[in-house]
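Worksheet for the structure shown next.
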Amino acid sequence: MTGGLMIGDDVLVSEDAVIYTHDHGLDPSSMPSSMPKTIEGGVWIGMRAVVLPSCHRIGAGAVVGAGAIVTRDVPAGAIVAGNPARIIGQRNPVEVAA
C-alpha cells in the first residue's frame, strides 16, 4: 500500500465509505502523491463518508457521521458531520475508553 494508511484497533467503517490516501492536486493527469493517514483506535466512520487526502489523522474515539466529507484532521473524541465535516459534539471520555 503506497498511501500509508494506519488503522487502530476497534475501528468501524460502514459500507461505501471512502478513505483517500493519494492526491494529484488540480491536474488529474499528474502523478499522484502519497498522503499518509492515521485512523486511531475506536473510531467510527459512517456510511458513505469521504475522508479526503487533506485529513491526515482521525483521533481515538472520534465519530464521522454518515455522508460527511472530512477535509481536515479530526480531534480525539470529536463527533463530526456535514460537508465540509465540522465538530457537532464531543463523546464522553467514558464512551471513548469503553
Side-chain angles (χ1 to χ4, degrees):
M1 171 173 16
T2 61
L5 178 62
M6 300 290 293
I7 300 177
D9 294 335
D10 301 319
V11 172
L12 301 173
V13 181
S14 278
E15 60 270 12
D16 296 329
V18 179
I19 301 169
Y20 287 102
T21 59
H22 289 82
D23 190 15
H24 56 70
L26 298 176
D27 180 4
S29 63
S30 68
M31 290 295 296
S33 59
S34 175
M35 303 295 276
K37 188 173 310 310
T38 300
I39 301 173
E40 296 180 356
V43 169
W44 301 352
I45 299 177
M47 184 172 94
R48 295 193 180 118
V50 177
V51 181
L52 293 174
S54 55
C55 171
H56 302 287
R57 179 183 159 276
I58 300 178
V63 176
V64 176
I69 308 297
V70 182
T71 60
R72 60 181 67 133
D73 291 358
V74 177
I79 302 168
V80 300
N83 179 9
R86 289 190 167 82
I87 296 174
I88 61 167
Q90 188 72 28
R91 290 183 70 194
N92 182 328
V94 173
E95 292 175 331
V96 173

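Predicted model, so just to flag it, every value in this text is computed and none were measured. These numbers come from the heavy atoms of this one structure, side chains and all, not from hydrogens, waters or symmetry mates.
Both Val43 and Val13 belong to a common hydrophobic cluster when Ile, Leu, Val, Met, Phe, Trp and Tyr are linked at side-chain heavy-atom distances under 4.5 angstrom. Two different hydrophobic clusters hold Ile58 and Trp44 under the rule that ILVMFWY side chains link at heavy-atom gaps under 4.5 Å. Residues Val63 and Ile45 do not share a hydrophobic cluster, defined by chaining ILVMFWY side chains whose heavy atoms lie under 4.5 Å apart.
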In residues 77-87, what donor-acceptor pairs under 3.5 Å come from side-chain atoms, sequence neighbours left out?
none

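Atom CD1 of Ile19 and atom CG of Leu5 lie 6.0 Å apart (nearest 0.5 Å). If you take SG on Cys55 and CD1 on Ile39, they are separated by 7.5 Å, rounding to the nearest 0.5 Å.
When hydrophobic residues (I, L, V, M, F, W, Y) are linked wherever their side-chain heavy atoms come within less than 4.5 Å, the members clustered with Val50 are Val18, Tyr20, Leu52, Ile69. Leu26 forms part of no hydrophobic cluster, judged by ILVMFWY side-chain heavy-atom separations under 4.5 Å. Side-chain contacts under 4.5 Å among hydrophobic residues (ILVMFWY), followed directly or transitively, place Met47 with no other residue at all.
Partners of Asp9 according to the side chain to side chain donor-acceptor pair (under 3.5 Å) rule, which considers only residues two or more places apart in sequence or in another chain, do not exist here.
Across Pro75 and Ala62, no two heavy atoms sit closer than the pair O-CB, 3.8 Å. The minimum heavy-atom distance between Ser29 and Asp27, with the atom names listed, is OG-OD1, 2.7 Å.
Lys37 contributes no side-chain N or O that, together with a main-chain N or O of Met6, makes up a donor-acceptor pair within less than 3.5 Å. Distance alone, capped at 3.5 Å, places no donor-acceptor pair between the Thr21 side chain and the Pro36 backbone. A distance-only check finds a donor-acceptor pair linking the side chain of Arg91 to the backbone of Gly61 [under 3.5 Å].
Within the structure, side chain to side chain donor-acceptor pair (under 3.5 Å) contacts touching residues 47-76 (residues at least two apart or in different chains) are Glu40-Arg57.
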